Amino acid sequence: MAQKRAPLEYNRMWQMRLWLLAVFFFLYAPLVALIAFSFNDSKRNTVWRGFTLNYYQQLFTDQALLIAFANSLTIALMATVISLVIGALAAVLLWRYRFVGKVAVEGAFTLPIVVPEICMGVAMLLFFTRVVPWPNNLIWPLSLGSITIAHVSFCFPFVALVVGARLASFNKEQEEAARDLGANDWQAFRDVLLPHMRPALIAGGLLAFTLSLDDFVITFFTSGPDTITFPVKVYSMLRFSVTPEVNAASTMLILLTIVLMIIMMVMQSRAQKK
Amino acid sequence: MDQAIAEVAKAANPTVKPIISFRNISKRWGSAVGVDNVSLDIMPGEFFALLGPSGCGKTTLLRMLAGLEVPTEGHIFIDGQDMGDIPPNRRAVNMVFQSYAVFPHMSVADNVAYGLKIDGVPQPERDRRVQEALDLVQLGHLAARMPDQLSGGQRQRVALSRALVKKPKVLLLDEPLSALDAKLREAMRFELSQLQQKVGITFIMVTHDQTEALAIACRVAVMNKGSIAQLGTPSDLYEFPSSRFVADFIGSVNMFEGKLIDDEPDEAIVACPELDPYRVQVPHAVLGQEMSSVWVAIRPEKMNLHKDSDAPPSVPESPAAHNVAKGEIKDVSYLGDISIYHVLLANGRLIRISRPNRSRFDQDNFSVGEKVWVSWVGSSPVVLQS
């Protein structure tokens, strides 16, 4: 009856299917539970007592939470833009030029990726209190400066990594062709290299945005009383109890991330079609 | 050397000024020498080829002309103007790159329009010239396509059209045919020379493929180790190579080392150990020192095969026991139009002889293992002193 399995059709082995099921269960069951209980009409997160949107309503009237959310978005936006510029420039620099100590510079760029976040957090805390004290009486959004700088420091290496990988596949004759056809250095960069980097810039930008948006550890050390971000706020809410309001807030964050991922995929497939 | 080359170029047409002049051009990277003191004149309307093995400096020379590399020493003149520090975007030459370097994110028409757009050519004229340039390479109907929807041959036409649309004084081609398959390559050879005649500008081509250079170019410079080994027309290079390198690099050749034992105004005799006891006789002077080392180069198609017999075959206008050798056929490569016979000479040297298959049964005349005589007429060998 059953057709014979082809040598590489592992997905038709029952052991493999069981394993897949387990992976999906442990990955997604907690998320599904979190989202489901955000609609639970109960103060406690244990028993289902009926459907409600009350907690979403509370969410949108909770001034402190909304401010934290706005802070998070603003920081993520600023950090993304700055990381894109610094990261892309770093990648182009490393790709184009040969210089003494290039390997060392490359290593230094990837350092923020491998250093434990807790160490980065403590280092940033010391830096912004002792070395370069960040004034805490600045107007918004300048008051978010220290957090933004901290975020840029761990976001831009990811951008540099993604853009660098993309540049490796660039045919330098294309740039020479542009120069040969009359373009100056800037025009050749704008018309040939930049379009080639585009998919990597989109991917790197969204990577930086999501990394910044949900960062907790480093932000926790660099945020002040007036510069709470969304993840830090959620954490502080948790200290009292896991209310459905926290669930609702987390659901919103998941939703935002998914929407961003979809936008990225659409933009990338468009860039590839071009 | 410099003077001699200039004179050859002038002799071709003394009233016309060269469109391209290289004057004592050198390119070094640290201690590595890419191009070594090259001087060269290229005349307007020529199809010129730079030919040589990889690493001989031919591509570097072309890239210096385009402005993509800066010479360490020397001057390059385009239409009489010293290029000095002039960047590639302000030189009246355009290049077709080896990879074609078609911009993947632009349509065919946008690729061709790019150079004009950068130059600020207004829209209506730009569209007209783009269409003209695309029609020139028979791509008019594909203007809206993206490069990834084109074949390799079509991408090359885009690159050609993109360079020609700027009406350069000289078109540079870097290994233009190397990425195409054999059939298409042959067709493109013909098409390139047709195109050159149609647009009437100077083409300079870099290639490592000697058949390509011989087939298309009016003049060829053979390069070796950064210098020009010989400059001349294709038939000059093939029939009158000036050195062992050129004789060996262009076409295939049987080379015998020997001693010049007699050098008269109308006859020279060379004794080659590999041909002993027979000798080589040429009906002209070699102008070398007697008993000096020389090399005799004979093309495979200029040697004849004879059936085995007791006495060597007589060669017209050669003294007896000259310009002959005895051997045995070791291998036959039947290529259809010609057959190549590998003949092992009595002294242990393996040579190549090619014979056209003029009738449908010619290939059966000689077979593997057969004892044969080899001969050539006195005007066939080239006696080389370097």
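Given the structure is predicted, the values throughout are model-derived calculations rather than measurements. Protein chains get the first letters and strands the later ones, always in sequence-line order, with residue 1 at the start of each.
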Take atom [atom1] in [X]; do more than 12 heavy atoms of anything else shown fall under 6.0 Å from it?
| X | atom1 | value |
| --- | --- | --- |
| B/Asp181 | CG | yes |
| A/Phe99 | CZ | yes |
| A/Met265 | CE | no |
| B/Trp29 | CH2 | yes |

In terms of heavy-atom pairs under 4.5 Å with chain B, the winner among A/Gln174, A/Glu173, A/His196 is A/Glu173

The interface call for A/Asn171 against chain B, heavy-atom contacts under 4.5 Å, is side chain

request  = Please name the pair of heavy atoms, one in B/Tyr114 and one in A/Ala183, separated by the smallest distance, quoted to 0.1 Å.
outcome  =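 So the minimum-distance heavy-atom pair works out to OH-CB, 3.5 Å.
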
In this structure, NZ of A/Lys172 is separated from CG of B/Leu68 (nearest 0.5 Å) by 13.0 Å

Value for NE2 (B/His105) from CG (A/Asp191), rounded to nearest 0.5 Å, stands at 6.5 Å

Against chain A, residues from residues 49-66 of chain B with at least one heavy atom under 4.5 Å, in numeric order, are B/Arg63, B/Ala66

Among residues 92-100 of chain B, residues within the sub-4.5 Å heavy-atom range of chain A, in order of number, are B/Val93, B/Asn94, B/Met95, B/Phe97, B/Gln98, B/Ser99, B/Tyr100

Assert top hit (heavy-atom pairs under 4.5 Å, partner chain A, pool B/Pro87, B/Ser107, B/Ala159, B/Gly115) equals B/Gly115

